[in-house]
Amino acid sequence: MSGKPKLHYVNARGRMEPIRWLLAAAGVEFEESFLETKDDLKKLQTDGSLLFQQVPMVEIDGMKMVQTRAVLNYVAGKYNLYGKDLKERALIDMYVEGIIDLNELILSNIFQPADKKEEHFATVVDKATKRYFPVYEKVLKDHGQDFLVGNKLSRADVQLLETILMAEECKPDMLAKFPLLQSFKARISNIPNIKKFLQPGSQRKPPIQEKDIPRLMQIF
Amino acid sequence: MAGKPKLYYSNGRGKMESIRWLLAAAGVEFEEQFIETKEDLEKLRNDGVLLFQQVPMVEMDGMKMVQTRAILSYLAAKYNLYGKDLKERAWIDMYVEGTTDLMDMIMHLPFYSAEMKEKNLALIIERARNRYFPVYEKALKDHGHDYLVGNKLSWADIHVLEAILMVEECKPDILSAFPLLQAFKGRISNIPTIKKFLQPGSQRKPPPDEKFIAKVKKIFNI
């Protein structure tokens, strides 16, 4: 018998955030157990709770799931956010993998040494505006529908919104050249479950700050 | 209408190798178009056939699929190598993500400086021995079946075999503490489609040599 899913991670976005987004979008309430110290992580490791000794870990439906993508795939499949057939799934997967690549690029910005930061930031902006966002803008333009795949909300829409907002935290006018993505952003943000998640007091985590890094590095 | 899948990549393992393994295991014949120069890659980009300007790209079933994981998931599902339900799929995904992490480490190895190479090689061996292989050994021990998930061949078995062979290329006796994985290796290698792929003359690619690494650096601006 399953209670609410329980998320084990640090109290930060990191690799758990897309999972929080997807659960929230699916309207699934979840609990969180935060790792505060290295010992917290060690305890989970020695308990045998972490298949590969790593977090994220999500207790869900009798499993202790690890590996971000595996968890996202399971949640998407369970809550019908993964398309209606193999081909829609293929499109969703392609779009999502692109989004994840961009996401990683943005995430890694704060970990760059001071002398590399500016160059890296320029790369983030370049890739976002020339490689990734044009793809999603074109997808929306070509079919003229509200959602990326299959005329229905899927994980691709949720994950794209998450990444758009992260990109805008880096550079507020990131979507200047992408009118369809701008309306997409507004539209998906207005979906009740997502709107709720975007409000203060939700389980959405704030962007990581430089001052948090030593504390987080210490745990890992 | 279905022709053979066509793979676009350089003539080496890299990110395409797991896709070659899965197609071969599923008994699917495929063609390959090799990127030999920077200009070859530029042409594909200018032709607009690479969604994110990157390879691997696989043409199949009317799609130009990119992103390794998307391609692998599609193939696994299409050829019934992805378990029978959501939960089996979850286990396959977890196992495969583990082996992907391990194989990615090996893939990046040739691109490091000599000093970093040695350090990372030691890390790969440590991770294989202490983090990854114990998981698969235990899975086989706990259920006593021939395959990792659902008592049936799946993507997980193929991926783990690929990882085992790659690590053995780094350290031949890596499986010495894992008797069940040794038997697993023998067993999965003997599956006819896989046995064929393991023989000389197949489309399986050799480990990268210096010449290949130099070429890849040039093509992809690394």
Side-chain angles (χ1 to χ4, degrees), chain A residues 2 15 45 48 50-54 56-58 60-80 82-83 85-102 105 123 126-128 130-136 138-139 142 149 156, chain B residues 15 45 48 50-54 56-58 60-80 82-83 85-102 126-128 130-136 138-139 142 148-149 155-156 221:
Chain A
S2 48
R15 292 186 179 286
Q45 286 168 334
L50 306 178
L51 190 65
F52 300 115
Q53 313 311 322
Q54 299 163 312
M57 188 270 276
V58 178
I60 184 171
D61 297 341
M63 298 181 286
K64 288 182 164 65
M65 285 200 74
V66 298
Q67 294 289 350
T68 310
R69 282 178 173 86
V71 177
L72 290 170
N73 288 354
Y74 181 76
V75 171
K78 182 174 180 184
Y79 295 104
N80 296 311
Y82 219 158
D85 58 28
L86 215 53
K87 283 230 170 155
E88 284 195 355
R89 207 188 161 121
L91 280 177
I92 290 169
D93 278 342
M94 282 192 275
Y95 297 158
V96 155
E97 286 296 310
I99 290 161
I100 291 175
D101 282 350
L102 177 55
L105 207 53
T123 303
D126 187 63
K127 289 264 153 78
K130 298 215 181 97
R131 175 172 286 190
Y132 293 107
F133 288 154
V135 169
Y136 305 110
K138 183 178 190 296
V139 168
D142 285 352
V149 179
Chain B
K15 287 183 180 290
R45 285 174 169 161
L50 304 178
L51 190 66
F52 301 112
Q53 314 311 322
Q54 297 164 316
M57 189 271 276
V58 177
M60 62 179 159
D61 300 342
M63 298 181 287
K64 289 177 166 60
M65 283 199 75
V66 296
Q67 294 289 349
T68 311
R69 280 177 175 88
I71 295 165
L72 289 168
S73 294
Y74 180 77
L75 291 172
K78 181 176 177 183
Y79 295 105
N80 294 310
Y82 219 162
D85 57 28
L86 214 56
K87 281 219 172 167
E88 285 194 356
R89 205 168 181 149
W91 281 104
I92 292 168
D93 279 342
M94 283 191 271
Y95 291 154
V96 154
E97 285 297 307
T99 40
T100 299
D101 284 350
L102 183 57
E126 193 267 324
R127 287 273 156 86
N130 297 336
R131 177 176 287 191
Y132 295 108
F133 290 165
V135 169
Y136 308 116
K138 182 178 191 295
D142 285 352
L148 285 165
V149 179
W155 174 20
N221 248 10

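Sequence lines set the chain letters: A, B, ... in the order given, protein chains first and strands last, and positions in each chain run from 1.
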Per-residue contact mode, B/N130 against chain A (heavy atom under 4.5 angstrom): neither
Which heavy atom in B/A70 sits nearest to a heavy atom in A/A90, and how many Å separate them? CB-O, 4.4 Å
Of all the heavy-atom pairs spanning B/L51 and A/V135, show the shortest one and how long it is. O-CG2, 3.2 Å
Answer with side chain, backbone, both or neither: which region of B/R131 has an atom nearer than 4.5 Å to a non-hydrogen atom of chain A? both
For chain B, which candidate among A/R69, A/R89, A/M65 shows the most heavy-atom pairs at distances under 4.5 Å? A/R69
In this structure, CG of A/D93 is separated from CG of B/L72 (nearest 0.5 Å) by 10.5 Å
For chain A, which candidate among B/R89, B/Q53, B/R127, B/K138 shows the most heavy-atom pairs at distances under 4.5 Å? B/R89
For atom NZ of B/K87, is the number of surrounding heavy atoms from other residues, nucleotides or ligands below 6.0 Å larger than 12? yes
Side chain, backbone, both or neither: which part of B/V66 has a heavy atom under 4.5 Å from chain A? both
Ignoring hydrogens and geometry, is there a side-chain-to-backbone donor-acceptor pair from B/K78 to A/L86 under 3.5 Å? no
Might you confirm whether atom CZ of B/R69 has over 12 heavy atoms from other residues, nucleotides or ligands at distances under 6.0 Å? yes
Kindly compute the distance separating CE (A/M94) from CZ (B/F52), expressed to the nearest 0.5 Å. 8.5 Å
Do B/Q54 and A/D101 have side-chain heavy atoms sitting under 4.5 Å apart? yes
Identify which part of A/Y136 has an atom lying under 4.5 Å from any heavy atom of chain B, answering side chain, backbone, both or neither. side chain
